[in-house]
Amino acid sequence: MNTTQAMIILTNGIRKYGTIINGEHEGRIKFIPATEILATDESQLSSLIEHIPLSNIFSIDTFLK
């Protein structure tokens, strides 16, 4: 699975920190919030995936330290 750590800023100003899975697909990205990854094991990750429409994203920052 190809993943990237990122901070996403939505058009409404909300910031989300976590992991993007496999980039963009059908106008949406698959995203798992960082706090959720720490709280669960790998077999439960599929239920935590958020599908965020590209139209709701203001910016994506992958240059995290």
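Please read these numbers as outputs of a predicted model, since none were measured by experiment.
- A distance of 11.5 Å separates CD in Glu26 from CG in Leu54, rounded to the nearest 0.5 Å.
- Expressed to the nearest 0.5 Å, how far CD1 of Ile49 lies from OG1 of Thr19 amounts to 10.5 Å.
- Between the CD1 atom in Ile8 and the NZ atom in Lys16 there is a gap of 8.0 Å [rounded to 0.5 Å].
- Residues Ile52 and Leu10 form a side-chain contact, since some pair of their non-hydrogen atoms from C-beta on lies under 4.5 Å apart.
- Note that the CD atom of Gln5 and the CG atom of Asp61 stand 12.0 Å from one another [nearest 0.5 Å].
- Here the straight-line distance linking atom CD1 of Ile20 with atom CD1 of Ile29 works out to 4.0 Å at 0.5 Å rounding.
- Closest heavy-atom contact between Phe31 and Tyr17: CZ-C, 3.5 Å.
- Annotation: the span from Thr11 atom OG1 to Phe58 atom CZ amounts to 9.5 Å, rounded to 0.5 Å.
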Step-by-step side chain to side chain contact (heavy atoms under 4.5 Å, CB included) determination, Lys30 to His51: CA-CA 5 Å; Lys30 293 180 183 178; His51 297 268; 3.8 Å; yes
